[in-house]
Amino acid sequence: MTTHLDAPDATGVPVPPPTTTARRKRARPGIQLIIGASLIGLVAIVALVSLVWTPYDPETTVAADRLQFPSAAHWFGTDRFGRDVLSAVMAGSQITLLVGFIAVGIAVVVGVPLGILAGMRQGRLGDLIMRGNDILLAFPGLLLAIVFGAVFGAGTVTAMVALGIGSIPAFARVARSGTLQVMKTDYVFAARAANRSEFRIALRHVLPNISGMIVVQCSVNFGIAVLAEAGLSFLGLGTMPPTPSWGRMLQESQQFLGSYDYLAIAPGLAIAVAVLGFNLLGDGLRDRFDPKMRSNR
Amino acid sequence: MARRLLSSLGQFLATLLVATALIFVMLRVMPGDPAVVALGINATPEALAQWRAEYGTDQSLALQYLQWMGGLVRGDFGTSYVTSQDLSPLIVDRVQVTLILVGLSMLLALLVAVPLGMLAAIRHQHPSGVVLSGISQVGVAVPNFLVGVLLVAVFAVHLGWFPSGGWVAPADDPVEFARRLVLPVIALGSVQAAIITRYVRSAVLEIMREDFLRTARAKGLTKGAALVRHGLRNAGVPVVTIVGVQLAAMLIGSVVIERVFVIPGLGSLLVDSVGNRDLLAVQAIVAVLVLLVILINFLVDLAYTVLDPRLRKAA
């Protein structure tokens with residue numbers, strides 16, 4: 001087991017080893033973390049199961065079964081093409097998670113190194129990176145995705161890339177702010193005195209110390225990506241038919257409001273559960289990594 | 001103060017210049033010739049050449065950009081490649097609709113979020129405070145278009161209290177204008193209210209731990225009175241930041257809400273123009289939206305200086 005004796009905190013002041021009670025308290029996950037992880041776990045399990053099994057083929061249309069109310073045969077009913085809504089919601093979770101993973105992945109891979117670089121090289125280069133970041137901030141993810149849709153054609157890949165690029169500024173800012181704190185610590189001064197290269201310092205000292213903040217940002221941006229993808233599909237600029245997508249299911253349900261309201265409930269709930277899960281997970285992780293924030297929530 | 005103002009203004013203009021250049025370049029890499037998109041694949045080479053000369057797409061990219069920027073500065077957005085319609089009056093009309101929708105929604109969000117956030121902070125150890133926090137947490141997770149669809153289902157389709165969508169200009173029929181805006185404003189404003197409530201609560205909780213508030217309470221003021229007289233201004237800086245961020249988010253979020261409620265705003269025009277591959281219209285609308293986002297950021301930056309005397313002195 002590793003000891004925390006004299007491990008410096010973010011301000012460089014050595015911290016005494018935590019007491020057993022404090023350690024237990026820290027080890028116990030908060031309620032937000034538990035609920036958030038459970039909801040995301042549920043979505044992930046549904047997505048994995050839908051890879052090998054769904055009650056019906058979510059893309060096959062059955063004219064005889066169109067617009068059937070929820071029943072034992074079709075738990076969430078069927079849509080105007082006779083497709084099983086439960087199967088489509090299950091399959092839709094794959095697209096949701098895929099878009100989230102790729103969008104957040106792009107933002108992490110590009111934004112974090114840029115943020116660390118801006119934090120470690122606070123001169124012209126740092127300023128240049130952050131000014132570029134400010135310009136990118138003027139293009140919210142959804143707007144960028146609509147523009148990309150116009151240029152390259154709407155689709156899941158376009159949405160993922162655009163949402164990823166739109167999330168880069170958030171990660172660059174978080175990484176830069178964390179890096180600025182880490183760069184003031186004694187162990188970084190020691191590493192510099194020992195003539196360690198900047199790359200090694202970034203990899204060995206900066207990255208591990210800001211990883212908590214990055215993980216929190218990943219969770220928050222995952223939720224944002226899920227919402228944005230649903231919004232794009234709602235506009236007809238996201239995932240294209242026949243691939244099931246929660247946003248498009250919701251949009252299609254609009255013309256049947258009043259007669260077949262159940263069509264809106266299942267995809268709507270699915271979106272809310274996924275976003276709530278990621279938001280709670282983000283809050284829970286933030287509490288864990290940043291105890292100062294705990295009492296504010 | 002003047003130096004800070006000039007610096008912010010300089011940054012605003014520089015960001016705007018680079019952002020418009022980016023928009024121009026992004027939309028010019030669009031595959032396919034706009035002349036072919038406008039006239040169809042069966043158009044003769046002569047007709048295509050004439051179209052290119054008429055719209056200036058046969059000139060160099062740099063010249064096209066300068067002409068477009070010159071037009072923007074004069075308020076001339078050009079002529080649609082697809083409908084041959086003058087874009088300026090169209091965009092001005094649509095911007096007004098979007099700004100009314102976003103402005104009223106933000107007003108509703110603030111009217112709900114500020115008192116609720118303060119209440120949630122003051123009563124953070126009471127069950128009512130915890131319930132308020134829980135509701136705002138769930139509210140943040142619900143997409144505004146889902147709220148819109150549910151509102152239409154309940155209040156327009158089942159109860160018939162409000163129209164399900166459409167737009168009437170306030171000058172034509174003020175009552176119908178208000179009736180048609182109720183549901184979209186609630187749909188767009190309620191989710192923002194949930195988000196802002198959380199930030200107000202967090203900012204007020206932070207302020208409640210400050211020494212000056214303890215001193216005010218020691219002088220005999222109640223928790224609420226101390227907060228109103230001394231805390232609100234201090235909580236203002238983080239709240240103004242989030243209001244600015246959310247205002248920009250609402251502007252973009254209104255694209256989807258306008259679709260749900262069939263409102264002829266800038267967002268609807270953008271989605272239609274993307275569908276029609278109307279390059280110049282998309283370019284102009286995106287430029288207007290980005291300008292508004294940058295303008296909001298600039299105004300937030302100015303608001304800091306007004307709200308925080310330390311920044312005024314530093315400047």
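All values reported here derive from a predicted model rather than from experimental measurement.
- Across B:Ile252 and A:Pro140, no two heavy atoms sit closer than the pair CG1-CG, 3.5 Å.
- By number of non-hydrogen pairs under 4.5 angstrom with chain B, the leading residue of A:Gly149, A:Gly231, A:Gly132 is A:Gly231.
- Ranked by heavy-atom pairs shorter than 4.5 Å toward chain A, the options B:Gln137, B:Met208, B:Arg259, B:Gln283 are led by B:Gln137.
- Proximity to chain A (any heavy atom under 4.5 Å) is shown, for B:Ile296, by neither the backbone nor the side chain.
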Steps toward side chain to side chain contact (heavy atoms under 4.5 Å, CB included) verdict (B:Val255, A:Phe234): CA-CA 11 Å; B:Val255 175; A:Phe234 189 92; over 6 Å; no

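- Taking chain B as the reference chain and counting heavy-atom pairs below 4.5 Å, the highest number among A:Ser259, A:Ala230, A:Gly236 is found for A:Ala230.
- Considering every non-hydrogen atom in both B:Ala153 and A:Asp261, the closest pair reads CB-OD1, 4.2 Å.
- Your options are B:Val142, B:Val18, B:Leu150, and the one with the most heavy-atom pairs under 4.5 Å with chain A is B:Val18.
- For chain B, the option among A:Leu237, A:Leu235, A:Leu137, A:Leu227 with the highest count of heavy-atom pairs below 4.5 Å is A:Leu235.
- The stretch residues 264-300 of chain B participates, sequence neighbours left out, in these ring-ring contact (aromatic ring centres under 6.0 Å, His included) pairs: B:Phe12-B:Phe298.
- Contacts of B:Val204 with chain A are absent, with no heavy-atom separation under 4.5 Å from either backbone or side chain.
- Taking the side chain as every heavy atom from C-beta outward, A:Val147 and B:Ile23 never approach each other to under 4.5 Å.
- Identified by a heavy-atom distance below 4.5 Å to chain B, the contributing residues of residues 273-282 of chain A are A:Val275, A:Leu276, A:Asn279, A:Leu280, in residue-number order.
- Going from atom CZ of A:Phe139 over to atom CE of B:Met26 covers 4.5 Å, rounded to the nearest 0.5 Å.
- A donor-acceptor pair under 3.5 Å is formed between the side chain of A:Gln254 and the backbone N or O of B:Val260.
- Ranked by heavy-atom pairs under 4.5 Å with chain A, the first of B:Val286, B:Ile294, B:Val282 is B:Val286.
- Here CG of A:Leu257 is found 7.5 Å from NE2 of B:His158. Values are rounded to the nearest 0.5 Å.
- For A:Gly268 against B:Leu146, the heavy-atom pair with the smallest separation is O-CD2, 3.4 Å.
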Tell me which donor-acceptor pairs under 3.5 Å the side chains of residues 153-162 of chain A have, and how far apart each pair is, sequence neighbours excluded?
residue  : atom : partner  : partner atom : Å
A:Thr156 : OG1  : A:Thr239 : OG1          : 3.2
A:Thr158 : OG1  : A:Gly153 : O            : 2.8

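- When the shell of 6.0 Å around CZ of A:Phe101 is examined, it contains 12 or fewer heavy atoms from other residues, nucleotides or ligands.
- The list of salt bridge (charged side-chain N to carboxylate O under 4.0 Å, His left out) pairs with a residue in residues 162-176 of chain A, not counting sequence neighbours, reads A:Asp134-A:Arg173.
- Contact of B:Leu16 with chain A is not made at all, since no heavy-atom distance falls under 4.5 Å.
- The distance from the CG atom of A:Leu143 to the CG atom of B:Leu270 is 6.5 Å, given to the nearest 0.5 Å.
- Neither the backbone nor the side chain of A:Ile224 comes within contact range of chain B; no heavy atom of the residue lies under 4.5 Å from a heavy atom of that chain.
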Given side chain to side chain contact (heavy atoms under 4.5 Å, CB included), test B:Val256 with A:Gln251 step by step and report yes or no. CA-CA 10 Å; B:Val256 194; A:Gln251 190 269 330; over 6 Å; no

